[in-house]
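A quick write-up on the structure given underneath.
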2 protein chains.
Amino acid sequence: MSSRIKEIENKLVHAKFKLTTPRRLIMEILLENEGDHLTAEDIHNRLREKGHQVGLATVYRTLELFCELDILSRLNFEDASSYYELEEQDQHHHHLICLSCNKIIEFSDELLEDFMESIEKKYGFEVTDHKIKYLGYCSDCHD
Amino acid sequence: MSSRIKEIENKLVHAKFKLTTPRRLIMEILLENEGDHLTAEDIHNRLREKGHQVGLATVYRTLELFCELDILSRLNFEDASSYYELEEQDQHHHHLICLSCNKIIEFSDELLEDFMESIEKKYGFEVTDHKIKYLGYCSDCHD
DNA sequence: ATAGGAAATGAATTCCATTATCACTTGAAA
DNA sequence: TTTCAAGTGATAATGGAATTCATTTCCTAT
Ligand SMILES: [Mn+2]
Ligand SMILES: [Mn+2]
Ligand SMILES: [Zn+2]
Ligand SMILES: [Zn+2]
């Protein structure tokens, strides 16, 4: 069992949940596809391809649980589905979405820290998360 | 007919569309509720309250058209629905979303202009729109 | 070890916002 | 007027997600 899985298990146990077989299988898919943005159905399909049968409802429930425990982030691009990615403890990143080819380009937001702090002061709003999306045309799709 | 409606009509006509009765009625609802964030169903209900019968499908189609013409913005908060608000030509704004009471607080993004420009340079990405959400707890809901 | 019970699962169903369909209406142009 | 594309609205369909509920898993107390 990878140390990464162990780390997840600690988070689960700390919150009084168990690392069950379906949860472990789902986490393995997420780790194998780290860096991708996967839908619940993507994950369900990859499980089936590997010969594991996990109910789609369990996939949804597990993704929701992992989000609550900050193991995952739920992303909403400009379509109907939710996408999930492993939360990176060190650097939070955001997304550039190409309106032409739907390419997703990631960028970090170090430069935004000051702005976030000014928001907290100005509005007395305690920021716990932020979601920033830039929409437009990637270098392949303009000019 | 208000000058605001006239302005919208110009945009429509310029794009080869007509200001039909359903479209005008929907625009009136939006103007009467300027500053609010309304769902398609909200708008449909307010039309019915005023005795106007417009099909829900037409409400959806009109909202989509208005978004394409940059008359409206479509907003996605953290729930399943889309919310719409009139696009303000002068100052673009964003939203603080309270995770406790669901209050929406608006803020402008003047300070972010520099950051957006750095994104354009760094990635050769032509930004046409951006969506920024800060999630957390408003002043009524923390401490 | 065994029994009890809470937590978790999965097949099926339901939900619900949104989109598609299609017959009908409208209104501008010929 | 006639024509015909654009627009409309009742309804059905779609699809991602949530819910239901019978069953299974697995920890705990005896
Ligand atoms: Mn990402
Ligand atoms: Mn707003
Ligand atoms: Zn592109
Ligand atoms: Zn609040």
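Side chains included, hydrogens not; waters and symmetry mates left out as well; all remaining heavy atoms used. Just so it is clear, the structure is predicted and the values come from calculations on it, not from any experiment.
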Answer yes when E28(B) and R24(B) have at least one side-chain N-carboxylate O distance shorter than 4.0 Å, and no when they do not.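 Counted as a salt bridge, because a side-chain N and a carboxylate O are separated by less than 4.0 Å.
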Whether K122(A) and E117(A) form a salt bridge (side-chain N of Lys/Arg under 4.0 Å from carboxylate O of Asp/Glu) is what I want to check.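 Judged by the 4.0 Å cut-off on N to carboxylate O distance, E117(A) and K122(A) do not form a salt bridge.
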Per [X] side chain, nearest of listed nucleotides [options]:
X: S81(A); options: dG7(D), dG16(D), dT9(C); value: dG16(D)
X: R61(A); options: dG9(D), dG10(C), dT8(D); value: dG10(C)
X: E41(A); options: dG9(D), dA17(C), dG16(D); value: dG16(D)
X: Y60(A); options: dG10(C), dG16(D), dT11(D); value: dG16(D)

Nearest-angstrom distance from the residue atom [atom1] of [X] to [atom2] of [N]:
X: R48(A); N: dG10(C); atom1: CZ; atom2: C1'; value: 12 Å
X: R23(A); N: dT24(D); atom1: CZ; atom2: P; value: 19 Å
X: E78(B); N: dA17(D); atom1: CD; atom2: P; value: 13 Å
X: I26(B); N: dG7(D); atom1: CD1; atom2: P; value: 13 Å
X: L63(A); N: dA17(D); atom1: CG; atom2: P; value: 9 Å
X: E64(A); N: dA7(C); atom1: CD; atom2: P; value: 17 Å
X: R24(B); N: dG27(C); atom1: CZ; atom2: C1'; value: 15 Å
X: L75(A); N: dA17(D); atom1: CG; atom2: P; value: 12 Å

Remember a base hit wins even if backbone is also touched, and classify T58(B) as base, sugar-phosphate or nothing at under 4.0 Å, heavy atoms.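 Result for T58(B) = base.
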Look at the rings of H95(B) and H37(B) and say which category their plane angle falls in: under 30° parallel, 30 to 60° tilted, over 60° perpendicular.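 Rings of H95(B) and H37(B): perpendicular, over 60°.
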Under 30°, 30 to 60°, or over 60°: which ring-plane class applies to H92(B) and H94(B), parallel, tilted or perpendicular?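 Plane angle between 30° and 60°, so tilted.
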Taking the six-membered ring for Trp, are F125(A) and Y137(B) ring centroids under 6.0 Å apart?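 Not under 6.0 Å, so no.
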T21(A) vs S82(A), nearer the 5' end of DNA chain D by closest nucleotide: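 Here S82(A) is the residue nearer the 5' end.
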Assuming nearest nucleotide by heavy-atom distance, tell me which of K18(B) and A40(B) is located more 5' along DNA chain C.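 The answer here is A40(B).
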Take F17(A) and N76(B), find for each the nucleotide of DNA chain C with the closest heavy atom, and name the residue whose nucleotide sits nearer the 5' end.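 On the 5' side of the pair lies F17(A).
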Is Q53(B) near enough to dA10(D) that one of its side-chain N or O atoms lies under 4.0 angstrom from OP1 or OP2?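 It does, given that an N or O in the side chain of Q53(B) lies less than 4.0 Å from OP1 or OP2 of dA10(D).
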